[in-house]
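Written below as structure tokens is the structure these notes are about.
Note that the structure is predicted; figures quoted are calculated from it, not measured. Remember, it's 1-based here, ligands and their atoms both numbered in the order they're listed. Side-chain atoms are counted along with the backbone in the values below, which use heavy atoms only and exclude waters and symmetry mates.
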Amino acid sequence: MRTIYSPDHARHHGQSELIDGKLQPCFEKPERAFLVKARIEERGIGPVEPPRSFGLEPLRRVHRPDFVAFLETAWTEWTAQRGAYDALPLVWPVPGMRRVLPETIDGKLGYYSIDAGTPITAGTWQAIRASADVALTGAALIASGEERAAFSLCRPPGHHAGSDFFGGYCYFNNAAVAAQHLRDAGAARVAILDVDYHHGNGTQEIFYDRADVLLVNIHADPRQEYPHFLGHADETGAGLGEGYNLNLPLRWGTGWPLWSEALETGCQKVAGFAPDALVVSLGVDTFKDDPISQFCLESHHFPLIGQRIARLGLPTLFVMEGGYAVAEIGVNAVGVLEGYLGG
Ligand code: 6XA
Ligand code: ZN
């Protein structure tokens, strides 16, 4: 299996995030992708290749143009106003206020974000463009039929980013950009299976009223876990998209028996949709020792996830999302790929 990887991810290296009431060193750090890439090489999964450049147009297929433009200039605006240190938002237009775009950077940061855990740094723009190109390059390999499966080693991740907001360490929604690219290249139906520990609220928001992209999410119950305000079981899609969104929330402490049951349910939903291609939002923060998560999967479970996905028999693009237990991130992420490949 080919892996698409860009070293430009390392240009995004946040100092700190607001988490648990404290400014702490970012959990989402360059080492994550370095270690996954190292494991790919160690296990001989296949070649590691750079992305092609797709420009901004594919991003604007799922993100609002003003949001894309905001991300491009946010660092410059922030440094002009504040100084050369990471930008974080502080105030949000919650219901009861008005979402009117402010003129100054502090207001814009709140307007276009969902949390204070996702810094914009000097190299964020270059890294998020590269990350989207990594996803698009993988999608193009699948779309052309050149490859039956590929791994887009994206960093930063993407599934919390919506049509016009960033957050949850995510800026551009790489999986959504890839799924839309597959659609635009001729796939009539695309399924996205999100196995990250967190609900992919951004992906859900982007495709919620569409019947051409099925989204299945297996994640920690939003009543307990981030992102808290989306991901409930009764969110099934809207309008034409009714029935094309399946949320399978699970309680803290969930281990393999219940998690794998949800995977089975999710895979059956995907099979019933009979998509032309599958995008897997591959987070490995379901691992028992993940520092910010509360599920209990063990390293030997990750190949079983890949095996089950392989049984769907679909052209499949794996897109890297979360996972913060850096000592095991390579073993767990590559474990899924090896399971898929029959290892
Ligand atoms: C709180 C947690 C962010 C979640 C990031 C993640 N700032 N999402 O792994 O999948
Ligand atoms: Zn996650």
Contacts of Gln224 that satisfy side chain to side chain contact (heavy atoms under 4.5 Å, CB included) - sequence neighbours left out: Asp221, Arg251, Trp252
Metal proximity, Glu321 vs the Zn ion (ligand 2), N/O/S cut-off 2.8 Å: no
Residue pair Tyr112, Leu101: steps toward the side-chain contact (heavy atoms from CB on, under 4.5 Å) verdict: CA-CA 9 Å; Tyr112 286 118; Leu101 184 63; 3.6 Å; yes
Within the 4.0 Å heavy-atom sphere of ligand 1, strictly under, residues: Glu17, His159, His160, Gly168, Tyr169, Asp196, His198, Tyr226, Asp285, Tyr324
Carboxylate-amine/guanidinium contact Glu298 Lys288, below 4.0 Å: no
Apex the Zn ion (ligand 2) - arms OD2 from Asp285 and ND1 from His198 - angle rounded to 10°: 100°
Non-hydrogen side-chain atoms of Ile292 and Ile19 separated by less than 4.5 Å: yes
Parallel, tilted or perpendicular: ring planes of Phe70 versus Phe166, cut at 30 and 60 degrees: parallel
Side-chain donor-acceptor pair present, Thr121, Asp86, cut-off under 3.5 Å: no
Ring centers of His160, Phe165 separated by less than 6.0 Å: no
The Zn ion (ligand 2) - name of the N/O/S atom of Asp196 that sits closest to it: OD1
